[in-house]
Protein chains: 2
Amino acid sequence: MAAGAKVQEVDQDDEHVISDLEQFVGYNLKRAYVIVQADFREALGQDSLAPRVFSALSLVVQFPHISQSKLARRLGIERSGLVAIVDELEGLGYLSRATVPGDRRVQALVPTQKGRSAYAEAVATVRAHEKALLADLSAAEQRVLINLLRKIRSKGEVE
Amino acid sequence: MAAGAKVQEVDQDDEHVISDLEQFVGYNLKRAYVIVQADFREALGQDSLAPRVFSALSLVVQFPHISQSKLARRLGIERSGLVAIVDELEGLGYLSRATVPGDRRVQALVPTQKGRSAYAEAVATVRAHEKALLADLSAAEQRVLINLLRKIRSKGEVE
DNA sequence: AGGATATTGTTTATCTGGTAAACAGTTTAA
DNA sequence: TTAAACTGTTTACCAGATAAACAATATCCT
């Protein structure tokens, strides 16, 4: 039990000394998220789609005629926040707001052909970048990772 | 090659239909991160520390006399952004900016006793909340998750 | 020595993503 | 038919983050 008070003068490179924070899932999640997100942005470039816009487009392509409310719920954001995203996609000519016969409140979002092919291209790009970024992880590891993350996600979607 | 064009009329509850996005690590990472972060905030409450303030305090407690520049680098943020965080921690009486004999530019951050105990308490709280949130994951799964996330993190710390 | 260069903490302006509250138009329920 | 609920939207706001400039100080170079 000798020698325990030498913690004061640590002025060198604490750079990769392991820290308390690393025990928390939340901290590791955040750091990993930041990295993957940066890679995503680099993949699709400033010219193109931000992550959330990409996600919105993805759902519109997969579920044509989805309403904005449903889309927002599915994306986990407020309807008010979705407006700008849909505006952007409409401005790019990737979708159009279509009126729905039965209900004059809702606007069905339908992807254009341009939107569909832009999405297909974006998917390929993102997939390639993600593959490169995660080259350290085997296919099995990636599956495990996604499944663990999905387990966490399921805790939040309760509401 | 029969029957492939029935994708149009999906107007029911698409709620938990599996979507394209789920194949991407980035998407799952983001969703999981949002949930864990919300839980963290609930744990420490609006009264108390935001995640980034908690992280800063953690490193100051672990590495007393760390400089603001080093702290910022370690947190992965800009020095300019750190100022407000340190201001807040100083305002709470959790640390003080101490001058350093050798170099009059740097301000060494030293935790107060109050800061140390506040941190210890916060760690316990966060740990308990995280444990509850991640109850679905076994201890082994949590270790695996953290290690996989750490692998991703290592790709980013290169620079 | 002294001048260029670099570093530290800081302020300011700016951007992004996101929420909350209010609103008009429309539909549904009592 | 009146009350309640829902849809898309605008507006105001907030959090976190970056970039650029700056004064004070330190280091390097010959």
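Keep in mind that what you see is a predicted model, and the values were worked out from it rather than measured.
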Under the criterion side-chain hydrogen bond (donor to acceptor under 3.5 Å, both in side chains), which of A/R79, A/Q107, A/R73, A/R97 is the partner of A/Q68? A/R97
Choose from D/dA26, C/dT10, C/dG17 the nucleotide whose nearest atom is closest to any side-chain atom of A/A50. C/dG17
Can you pull out the residues from residues 77-94 of chain B that lie within a 4.0 Å heavy-atom distance of DNA chain D? B/I77, B/E78, B/S80, B/G81
What pairs of residues pass the ring-ring contact (aromatic ring centres under 6.0 Å, His included) test when at least one of them lies in residues 129-154 of chain A, not counting sequence neighbours? none
Does a side-chain heavy-atom distance below 4.5 Å link B/I77 with B/I85? yes
Using atom CZ of B/F40 as one end and atom P of D/dA15 as the other, report the distance to the nearest whole Å. 16 Å
OP1 or OP2 of D/dA15 under 4.0 Å from side-chain N/O of B/R52: no
From the list D/dT25, D/dT9, D/dG8, which nucleotide is the closest neighbour of the side chain of A/V106? D/dG8
Side-chain N or O of A/S69 less than 4.0 angstrom from OP1 or OP2 on D/dC6? no
Tell me if the centroids of the rings in B/F40 and A/F24 come within less than 6.0 Å of each other. no
If you check every side-chain atom of B/R105, which of C/dT10, D/dA26, D/dG8 has the closest atom? D/dA26
Give the intermediate values and the outcome of side-chain contact (heavy atoms from CB on, under 4.5 Å) for residues A/F63 and A/K70. CA-CA 10 Å; A/F63 308 107; A/K70 277 186 184 166; over 6 Å; no
Taking 4.0 Å as the cut-off, does a side-chain nitrogen or oxygen of B/K30 come that near to OP1 or OP2 on C/dG18? yes
Between A/L109 and A/L89, is there a side-chain heavy-atom distance shorter than 4.5 Å? no
Side-chain contact check for B/R73: nearest option of C/dT8, C/dG17, D/dT9 is C/dT8
Are any of A/R104's side-chain N or O atoms less than 4.0 Å away from OP1 or OP2 of C/dT27? yes
Between D/dC6 and A/Q68, is there an OP1 or OP2 to side-chain N/O distance shorter than 4.0 Å? no
